[in-house]
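All values below were derived from every heavy atom in this structure, side-chain atoms included, with hydrogens, water molecules and symmetry-related copies excluded. One-based numbering, in listed order, for ligands and for the atoms of each.
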Amino acid sequence: MGYKVAVVGATGNVGREMLEILAERAFPADEVVAVASRRSMGVEVSWGEKALKVKALDTFDFSDVDICLMSAGSAVSKEWSPRIAAEGAVVIDNSSCWRLDPDVPLIVPEVNAEAAAGFRRKGIIANPNCSTEQLVVALKPLHDRATIKRVVVATYQSVSGAGREAMDELFAQTRAIYVTDPIEPKQFPKRIAFNVIPHIDVFMEDGFTKEEWKMVAETKKILDPTIKLVATCVRVPVFIGHSEAVNIEFAQPLSADEARKILRDAPGCLVVDKREPGGYVTPHEAAGEDATYISRIREDPTVDSGLVMWIVSDNLRKGAALNAVQIAEALINRKLIQAKRKAA
Ligand SMILES: NC(=O)c1ccc[n+]([C@@H]2O[C@H](COP(=O)([O-])OP(=O)(O)OC[C@H]3O[C@@H](n4cnc5c(N)ncnc54)[C@H](OP(=O)(O)O)[C@@H]3O)[C@@H](O)[C@H]2O)c1
């Protein structure tokens, strides 16, 4: 018998993608249940060919659930993840709520799958922020070879990273501009259509935003606490796919050619780097794909050993839903969990 999986936040951007990925990868589930707020009770979502009727979180019985993929925001996770874990399900959470809790592993399977065993302490595993995820997938093999000292990153983050309503806002504002309707920003602090906004999440005392701080703290937790990182996170009018312009400084020499070879062999990475018009990946091509794409790899002439590159991935897949499903697969492959019904 297979596993019983609950997807909490099943009507959201990430939740729907989770259901699709579970079906696509033929995840060994006997049963998948879709859970969201009371507002969505009875709404249908798809898991492969099957239509699932959404159940309400506050009345759902998790006692025979093995794996809960949680994607309903921090406030919901804070209240519900410990309760669901207490019922014996492992919770894989997409929000920022548990990421820096020392008793909760923060996992990107290509980078630190071995740390997943630590889930036993709280029954919860955290999925990193979307911008961190694609970054560490590319940094890990380079760090193993030449030891990263410092990273400077500027992100170009799509509106889907801010949820369904944010996507609707980009669509509505774009339309409003063509038909000269008035524009009233709601989800973003300024107009997002035909604009870029250098501000994601709240401002902190030092002038950085929380999104920028998350990239620093999460990279240290997943990859190496000695890596110095500074980020500027920017929202751009793209529906799906986050891009990053990244400068990396190494302790040992590393040429662009060698980095290209290392990244070609690295799990989760796809190098597309032709040094000609169109010989690189943009978010438009990355949307719907699983890989972290790396393009424009070149040597940085301003430091002793440094590279500059362009990293793009689908934020709803590798940046959220795919990574969560890969974590669940890692738990199964490493025999860290057992189906309750099988065990009974
Ligand atoms: N989008 C990304 O790229 C990305 C990447 C990494 C992490 N995340 C994180 O993933 C989470 C979800 O993001 P999203 O983009 O999918 O958001 P979204 O599209 O706005 O969807 C939110 C989901 O949460 C559910 N929900 C909200 N309040 C609830 C409650 N009280 N009880 C039960 N369900 C509730 C919603 O259900 P209803 O439809 O019933 O309201 C919906 O299914 C967030 O924590 C986000 O930070 C997102």
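Counting heavy atoms from C-beta on, the side chains of Lys318 and Gln326 come closer than 4.5 Å.
Of all the heavy atoms of Ser77, none lies under 4.0 Å from any atom of ligand 1, so neither backbone nor side chain is involved. Contacts between Val76 and ligand 1, counted as non-hydrogen atom pairs separated by less than 4.0 Å, involve the side chain only. Counting heavy atoms under 4.0 Å from ligand 1, residue Leu57 touches it through the side chain alone. Of the heavy atoms in Ala75, none comes closer than 4.0 Å to ligand 1. Contact annotation for Arg164 and ligand 1: heavy atoms of both the backbone and the side chain come within less than 4.0 Å of the ligand.
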ask   = What's the verdict on side chain to side chain contact (heavy atoms under 4.5 Å, CB included) for Glu211 and Ser131, showing C-alpha distance, side-chain angles and the deciding distance?
value = CA-CA 9 Å; Glu211 185 82 354; Ser131 328; 3.5 Å; yes
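In terms of N/O distances under 3.5 Å, ligand 1 is approached by Asn315. In terms of polar-atom proximity, defined here as any N/O pair under 3.5 Å, Thr11 does make such a contact with ligand 1. For ligand 1, none of its N or O atoms has an N or O atom of Val8 under 3.5 Å away. At under 3.5 Å, not a single nitrogen or oxygen of Arg99, backbone or side chain, sits near a nitrogen or oxygen of ligand 1. For the pair Ala162 and ligand 1, the shortest N or O to N or O distance does not fall below 3.5 Å. Considering backbone and side-chain atoms together, Ser74 places no N or O closer than 3.5 Å to any N or O of ligand 1.
Across all their heavy atoms, Thr292 and Ser313 have their closest contact at OG1-OG, 3.8 Å.
Relative to atom 9 (C) of ligand 1, the option among Asn94, Asp201, Asn129 with the closest non-hydrogen atom is Asn94. Atom 23 (C) of ligand 1 has its nearest heavy-atom neighbour, among Ser40, Ala36, Ser71, in Ser71. Among Leu316, Asn127, Val14, the residue whose heavy atom sits closest to atom 48 (C) of ligand 1 is Val14.
Other residues, nucleotides and ligands contribute over 12 non-hydrogen atoms within 6.0 Å of the CE atom of Met204.
Using a 30° and 60° split on the angle between ring planes, Trp80 and Phe62 fall in the tilted class, from 30° to 60°.
Between Gln187 and Glu169, the side chains place no donor N or O within less than 3.5 Å of an acceptor N or O (distance only, hydrogens not considered). Neither side chain, Glu218 nor Asn129, offers a donor N or O lying under 3.5 Å from an acceptor on the other. With hydrogens and angles left out, the side-chain atoms of Thr155 and Gln157 include a donor and acceptor closer than 3.5 Å. Using modelled atom types and a 3.5 Å distance limit, the side chains of Ser158 and Asn315 yield a donor-acceptor pair. Using a 3.5 Å distance cut-off with no hydrogens or angles, the side chains of Ser77 and Asp93 do pair a donor with an acceptor. Between the side chains of Ser255 and Glu258, not a single donor N or O lies within less than 3.5 Å of an accepting N or O.
The atoms of ligand 1 that sit less than 4.0 Å from any heavy atom of Ala10 are 43 (O). Those atoms of ligand 1 that come under 4.0 Å of a heavy atom in Ala320, given as number and element, are 5 (C), 6 (C). Listed by number with element, the atoms of ligand 1 under 4.0 Å from a non-hydrogen atom of Gly161 are 1 (N), 2 (C), 3 (O). Near Gly9, meaning under 4.0 Å from one of its heavy atoms, ligand 1 places the atoms 23 (C), 24 (O), 25 (C), 43 (O).
Proximity of atom 4 (C) of ligand 1 to the protein is indicated by at least one non-hydrogen atom lying closer than 4.0 angstrom.
Ranking protein heavy atoms by distance to atom 17 (O) of ligand 1, first place goes to Gly163 CA, 3.9 Å.
Rounded to the nearest 0.5 Å, atoms CD1 (Ile311) and OH (Tyr156) are 12.5 Å apart.
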